[in-house]
Amino acid sequence: MKTGSMIFSLLHVPRFRIQSLANCWGETFHSFSTTCGNNYNVRLLGSRIYGLQGGQRKKWTRPITTNIEGKGSTKSKSIKHEILSETILANATVNVNKRQLDKSQEIQYCDIQQEIAENKDLSSYTVIVFDIETTGFSRENERIIEIALRDLQGGENSTFQTLVNPQCKVPNSHIHGITTHMVNKPGVPRMEDLIPILLQYVRSREKPGGDVIFVAHNARCFDVPFIINELRRYSVEIPPNWLFLDTLPLARELIKSGGTTLSSTSLAALRDLYGIKVDGSAHRAMVDVNALSLILSRLTSDLKLTLSDLVKKSFTESDIINSKNKKKN
DNA sequence: TGCCAGGCCCTCTTTAGGGCCTT
């Protein structure tokens, strides 16, 4: 049995249970390793429960064990790093970081989600903030090594994060702290293994017949082209109900509007402007997702933007391709 | 030998150049 087909079989598990899906994946890998006689581990870093915006605080009881990996990993590293570096084994024991869960309780994304709830015309939208870490800037030559998502409606399974095995060296560990050793392991999912799970996760967050708006900083020029390229590499099309929103033009708009001390449009400058403290290593995907979720709420408030405005400012995969073709011509 | 990411925005702009943003 090939690993790829094995992963696809996971799509048969019920929707809305991505948590179980992750467990199932672990168990599947475990049975697979038993069958093949190989020592496979599962290191899926994601789909944990964050109680946000009215979501219930729950204890995550997925079988896991903690393993700090990488150069210079010490106990003095942040809680976030410990969480992100945990290694999930099919037969290990429970270890939940309650402090991390408590921290997440403090995050509020009320404005946008409230608008979705109150406006029937917008109730079909799902807003997901996401971020990727990569081996470099070139979408053609570099690979994604970490991906994190947060559905702003909160509740159970509102976040998804995982390392990705790029099957190549990681030359820029000094940026994000993710080393070749951490990702180039048989147990870390490759992109081709991850894509069906990722698609299933997003489907589980969608409203019936609704669109999904993916939000990232510099999404148009970096994150989205990377995602498109990775999916195309494995002949997977971007679902037609996926829209993308870039917060970088919103930051430019804020500067143009005046009345702000913001001098740069970087994520770090926006964090500083809004006094958002980084709990963990900046340039790790979920840390940046959490920060951007708060920044999005503040930006839309400052610019007096409604969700309708954000929908108008969003773009599709074909918008990117068309603008590329226009430039070629 | 030359290239090495690429799209957007601004300007000492106008089809060019440079800076910014993402890892």
Side-chain angles (χ1 to χ4, degrees), chain A residues 70-71 80-81 84 128-149 161-184 188 191 214-230 232-233 244-258 260-274 276 278 280-293 295-296 299 303 312-329:
Chain A
K71 199 177 178 183
K80 195 71 195 176
H81 185 80
L84 289 169
I128 293 178
V129 176
F130 80 104
D131 187 44
I132 57 172
E133 303 303 321
T134 69
T135 56
F137 288 126
S138 170
R139 67 195 67 164
E140 300 292 340
N141 304 320
E142 310 292 356
R143 292 292 184 274
I144 293 174
I145 52 173
E146 187 179 40
I147 186 162
L149 298 87
Q161 60 178 322
T162 181
L163 291 174
V164 184
N165 185 344
Q167 298 173 283
C168 64
K169 284 186 179 177
V170 179
N172 56 346
S173 300
H174 61 287
I175 300 292
H176 36 56
I178 300 168
T179 62
T180 303
H181 176 69
M182 287 166 70
V183 291
N184 275 287
V188 176
M191 186 52 76
F214 289 89
V215 184
H217 199 61
N218 204 14
R220 184 180 280 274
C221 299
F222 188 77
D223 300 76
V224 175
F226 252 102
I227 295 286
I228 291 173
N229 272 22
E230 288 282 18
R232 282 191 167 176
R233 209 165 275 137
F244 304 100
L245 177 72
D246 192 346
T247 50
L248 184 60
L250 300 185
R252 289 193 189 114
E253 213 174 303
L254 185 65
I255 291 177
K256 276 176 78 175
S257 70
T260 175
T261 55
L262 187 66
S263 57
S264 158
T265 54
S266 69
L267 195 64
L270 288 164
R271 272 201 312 258
D272 290 344
L273 176 71
Y274 294 127
I276 297 166
V278 174
S281 169
H283 270 309
R284 284 302 294 260
M286 188 50 86
V287 174
D288 286 351
V289 162
N290 287 338
L292 186 61
S293 300
I295 287 167
L296 176 67
L299 266 178
L303 292 168
K312 284 175 196 163
K313 288 175 185 292
S314 67
F315 56 93
T316 62
E317 176 197 16
S318 54
D319 290 331
I320 289 188
I321 293 164
N322 290 342
S323 63
K324 201 175 175 181
N325 290 340
K326 262 186 185 177
K327 199 171 183 183
K328 271 186 185 174
N329 294 334

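Fair warning: this is a prediction, and the values are worked out from it, not measured in the lab. Protein chains get the first letters and strands the later ones, always in sequence-line order, with residue 1 at the start of each. Keep in mind that the numbers below use all heavy atoms, side chains included, and drop hydrogens, waters and symmetry copies.
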Side chain to side chain contact (heavy atoms under 4.5 Å, CB included) against [X], all qualifying residues, sequence neighbours excluded:
| X | result |
| --- | --- |
| E230(A) | R143(A), I144(A), M191(A), R233(A), Y234(A) |
| A216(A) | F130(A), A219(A), D223(A) |
| F137(A) | F222(A) |

Gap in Å between the two [atom1] atoms, one belonging to [N] and one to [M], rounded:
| N | M | atom1 | answer |
| --- | --- | --- | --- |
| dT22(B) | dC3(B) | P | 27 Å |
| dT14(B) | dC10(B) | C1' | 13 Å |
| dG18(B) | dT1(B) | C1' | 25 Å |
| dC12(B) | dC20(B) | P | 15 Å |
| dT15(B) | dC21(B) | C1' | 24 Å |
| dG2(B) | dC9(B) | C1' | 29 Å |
| dG19(B) | dT13(B) | P | 16 Å |

If I take atom [atom1] in residue [X] and atom [atom2] in nucleotide [N], what distance separates them, rounded to the nearest angstrom?
| X | N | atom1 | atom2 | answer |
| --- | --- | --- | --- | --- |
| E142(A) | dA5(B) | CD | P | 9 Å |
| E253(A) | dC10(B) | CD | C1' | 16 Å |
| R143(A) | dA5(B) | CZ | P | 15 Å |

Once each nucleotide of nucleotides 11-23 of chain B is scored for protein heavy atoms under 4.0 Å, what B/S/- sequence comes out, 5' to 3'? ----------BBB
With sequence neighbours left out, write down each residue that passes salt bridge (Lys or Arg N to Asp or Glu O under 4.0 Å) with R252(A), or none if nothing qualifies.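 For R252(A), no residue satisfies salt bridge (Lys or Arg N to Asp or Glu O under 4.0 Å) once neighbours in sequence are set aside.
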So, using side chain to side chain donor-acceptor pair (under 3.5 Å) as the criterion, who are the partners of Q167(A) when residues are at least two apart?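 Q167(A): no side chain to side chain donor-acceptor pair (under 3.5 Å) contacts found.
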T316(A) and D319(A): side-chain donor and acceptor closer than 3.5 Å?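 Yes, because at least one side-chain N or O of T316(A) sits under 3.5 Å from a partner of the opposite role on D319(A).
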